[in-house]
Engineer: 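Would you mind keeping the following structure in view while I ask a few things?
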There are 2 protein chains.
Amino acid sequence: MYTRFMSTAERLIASTRELLWERGYTGTSPKAIQQRAGVGQGSMYHHFAGKPDLALAAIRRTAEEMRAKAEEQLSAPGTSVDRVTAYLRRERDVLKGCPIGRLTQDPDVMADPTLRAPVDETLAWLRERLAEVLAEGRERGELDTTLDPQAAAATVVAVLQGGYVLARAADSVQPFDQAITGVLGLLTTHISPTRK
Amino acid sequence: MYTRFMSTAERLIASTRELLWERGYTGTSPKAIQQRAGVGQGSMYHHFAGKPDLALAAIRRTAEEMRAKAEEQLSAPGTSVDRVTAYLRRERDVLKGCPIGRLTQDPDVMADPTLRAPVDETLAWLRERLAEVLAEGRERGELDTTLDPQAAAATVVAVLQGGYVLARAADSVQPFDQAITGVLGLLTTHISPTRK
DNA sequence: GTCTATACATCGATAGAC
DNA sequence: GTCTATCGATGTATAGAC
């Protein structure tokens, strides 16, 4: 970010993405965006209609990236559980939390259907994608037949989002790691109860 | 709230609790607090030193209540799993989210050790309390011996916190309910894998 | 495209009358 | 204890020169 090779518009988007992540929509002012981007007042309003317009561009970009990174793990080779594990255990900026999930706490984002849509769609996509992976694992006999893929997928995404909350509260990655370990433990004991 | 029988200070605390829940710390102004409480500018600054002082009183009150309500389910009669189920399935204002968990997304709250402490302590207490309940269930043979109470407790709290995030994103309780159903399904299949 | 000047509201708090 | 007046700073945006 902020290389000489980024256009003004791109620098503004990058700056906004960071600030939305760190401070949320309400906590982010146009002035702060401009300063971090190293861009003047007039420039910002030339490229974007205003704060909501710029935020939309930033949120969409973040959502795209998040999906792409998840798809990397979820479409990798390996068993269903391998891929879910890889996804959950992947390196993350745990204490910063999820840049999309955090927006659900921003009343001004949730109140604006345009800003809200990418948040809704991203998390819905993630649940569906995980449900597919889990359903596949069940069909292949890797997971117990009693497992409900939709429900388990919601659980996995929730553990991730909630893990961030616990980590931020504790200012430690420990509860996040424990929550992930816990859900993977419960899930993998499902692999073959008869094998035990 | 807001009965004629509430003192000015109590009305201010009640108003602040609501606004912190709905809009977070940054999104809540002294003016909005006063208006909802039906209290004048001068009154607020007579009873409280300022916004942080009032927020602290509000957060502490909310934290107390949250603990008390959790303890209701967790100390009830029944098996370990019964109590965890009762806690997770209890009636909740799902779309409003967790009034304590949401504060982890407020940078100004997290940056102030005094405001942060009750958030940290409440979620830490909840994890410990759930770990006790789960450990008890394991000792009594209700849960598999391979279950790690600390990890599973973190998972349960994370599912709750993350469930709120998913519900708010979708503007529907469905993903919340699915996440809860999912984790309880995984947990109860642990009751006795040999019994299957 | 970018800059500076300007505008008008709100934020968070203080002062002082009653 | 409560009210109104006032304050300097910031938020969000527009106007118009260059």
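Not measured: the values here are computed from a predicted model. Here is the naming used below: chain letters follow the sequence lines, and residue numbers restart at 1 for every chain.
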Engineer: Which pair of non-hydrogen atoms, one from B:Arg89 and one from B:Leu184, has the smallest distance, and what is that distance?
Structural biologist: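 Here B:Arg89 and B:Leu184 meet closest at NE-CD1, 3.9 Å.
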Engineer: How long is the span from the CG atom in B:Asp120 to the CE atom in B:Met110, to the nearest 0.5 Å?
Structural biologist: 8.0 Å
Engineer: Please round to the nearest 0.5 Å and tell me the distance separating atom CG of B:Leu186 and atom OG1 of B:Thr155.
Structural biologist: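 Output value for this atom pair is 9.5 Å.
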Engineer: Rounded to whole Å, how long is the line connecting atom NZ of A:Lys31 with atom C1' of C:dC11?
Structural biologist: 14 Å
Engineer: Would you kindly give the CZ-to-P distance between A:Phe48 and D:dA13, to the nearest whole Å?
Structural biologist: 14 Å
Engineer: Output the distance between atom OG1 (A:Thr145) and atom CG (A:Asp148), rounded to the nearest 0.5 Å.
Structural biologist: 12.0 Å
Engineer: Can you tell me how far P of D:dG1 sits from CE of B:Met6, to the nearest Å?
Structural biologist: 17 Å
Engineer: Hey, what are the protein-to-nucleotides 3-7 of chain D N/O distances that come in under 3.5 Å?
Structural biologist:
| residue | atom | partner | partner atom | Å |
| --- | --- | --- | --- | --- |
| D:dC3 | OP2 | B:Gly40 | N | 3.2 |

Engineer: Quick one: is A:Lys51 getting a side-chain N or O under 4.0 Å of the D:dT12 phosphate, OP1 or OP2?
Structural biologist: yes
Engineer: In whole angstrom, what separates A:Arg11's CZ from C:dT2's P?
Structural biologist: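 So the two atoms are 9 Å apart, to the nearest Å.
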Engineer: Over how many whole Å does the gap from A:Met44 atom CE to D:dT14 atom P extend?
Structural biologist: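 Spelled out: CE on A:Met44 to P on D:dT14 is 10 Å.
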Engineer: Mind checking if A:Thr26 touches a base, just sugar-phosphate, or nothing, with heavy atoms under 4.0 Å?
Structural biologist: nothing
Engineer: Would you mind reading off the bend of the helix from C:dG1-D:dC18 to C:dC18-D:dG1 from its two end axes, five pairs each, to 10 degrees?
Structural biologist: 10°
Engineer: Should A:Glu10 and A:Arg61 count as an ion pair when the cut-off is N to O under 4.0 Å?
Structural biologist: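 Answer for the salt bridge query: yes.
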Engineer: With a 4.5 Å heavy-atom cut-off, do B:His46 and B:Thr8 have their side chains touching?
Structural biologist: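 When only atoms from C-beta onward are counted, B:Thr8 and B:His46 do not touch, as no gap falls below 4.5 Å.
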Engineer: Rounded to the nearest Å, what distance is computed from the NE2 atom of residue B:His47 to the C1' atom of nucleotide D:dT2?
Structural biologist: 8 Å
Engineer: Ignoring hydrogens and angles, tell me if any N or O in the side chain of A:Glu142 forms a donor-acceptor pair with the backbone of A:Ser80 under 3.5 Å.
Structural biologist: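 Indeed, once roles are kept as given, a pair shorter than 3.5 Å links the two residues.
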Engineer: Taking the basic N atoms (NZ, or NE/NH1/NH2) and the acidic carboxylate oxygens, is any pair closer than 4.0 Å for B:Glu71 and B:Arg67?
Structural biologist: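 No.
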Engineer: Answer yes or no: are there more than 12 heavy-atom neighbours, outside B:Lys69 itself, under 6.0 Å from its atom NZ?
Structural biologist: no
Engineer: Take atom CD of A:Gln34 and atom C1' of C:dG1, then tell me their distance rounded to the nearest Å.
Structural biologist: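 Whole-Å distance recorded here is 14 Å.
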Engineer: Nearest whole angstrom, please: distance from the P of D:dG11 to the OH of A:Tyr45.
Structural biologist: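 So the two atoms are 11 Å apart, to the nearest Å.
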Engineer: Under 4.0 Å between a side-chain N/O of A:Thr8 and OP1 or OP2 of C:dG1, yes or no?
Structural biologist: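 For C:dG1, OP1/OP2 do not have a side-chain N/O of A:Thr8 under 4.0 Å.
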